[in-house]
Amino acid sequence: VQIAISGGQPPYRISAREGERTLASASVKQARAVHLRLGGAGDRVTIQVKDGSGAVRTQSVQLAGGQEARVQIAFD
């Protein structure tokens, strides 16, 4: 999944979850696009991004076989 982050305050903590299980996570120092590989993911995952101020944005994503999902997360 490709996650494009805009606005907010760095650093950003990103996680991709399916239910209570974390599939992938990353931390980035600036707002930018990030690619996460979601091995073993089902049809739907939840992307959560937390910025340096503690603000949280969450988005549910429907995955389609063979295609990369794109997610926009804005803190504006």
Asker: Restricting to non-hydrogen atoms, name the atom on L38 and the atom on A24 that form the minimum distance, rounded to 0.1 Å.
Answerer: CD2-CB, 3.9 Å
Asker: Is the shortest heavy-atom distance from the side chain of Q72 to the side chain of S6 under 4.5 Å?
Answerer: no
Asker: Calculate, to the nearest 0.5 Å, the distance between atoms CZ and CD belonging to R70 and Q2 respectively.
Answerer: 5.0 Å
Asker: Which residue pairs pass the side chain to side chain donor-acceptor pair (under 3.5 Å) test when at least one of the two sits in residues 32-42, sequence neighbours left out?
Answerer: H35-E68
Asker: Go through the steps to decide whether V1 and V45 satisfy the test side-chain contact (heavy atoms from CB on, under 4.5 Å), and finish with yes or no.
Answerer: CA-CA 10 Å; V1 64; V45 297; 5.7 Å; no
Asker: Evaluate the side-chain proximity of S15 to Q48: yes if any heavy-atom separation is below 4.5 Å, no if none is.
Answerer: yes
Asker: Considering non-hydrogen atoms only, spot the tightest contact between A69 and Q62 and give its length.
Answerer: CB-O, 4.4 Å
Asker: Hey, are the side chains of I73 and I14 touching, using non-hydrogen atoms and a 4.5 Å cut-off?
Answerer: no
Asker: Testing the basics here: between A31 and G7, what is the closest heavy-atom pair and its distance to 0.1 Å?
Answerer: CB-O, 4.2 Å
Asker: Measure the spacing between CD of Q59 and CD1 of I3 and express it to the nearest 0.5 Å.
Answerer: 9.5 Å
Asker: First locate atom OG of S25, then atom CZ of R17, and finally report the distance between them rounded to the nearest 0.5 Å.
Answerer: 9.0 Å
Asker: Not counting sequence neighbours, which residues clear salt bridge (Lys or Arg N to Asp or Glu O under 4.0 Å) with R21? List them please.
Answerer: E18
Asker: For the residue pair Y12 and Q30, what are the closest heavy atoms and their distance?
Answerer: CE1-C, 3.6 Å
Asker: Compare every heavy atom of K29 with every heavy atom of P10, then report the nearest pair and how far apart it is.
Answerer: CB-O, 3.0 Å
Asker: So which atom in I47 and which in A16 form the shortest heavy-atom distance, rounded to 0.1 Å?
Answerer: CD1-CB, 3.7 Å
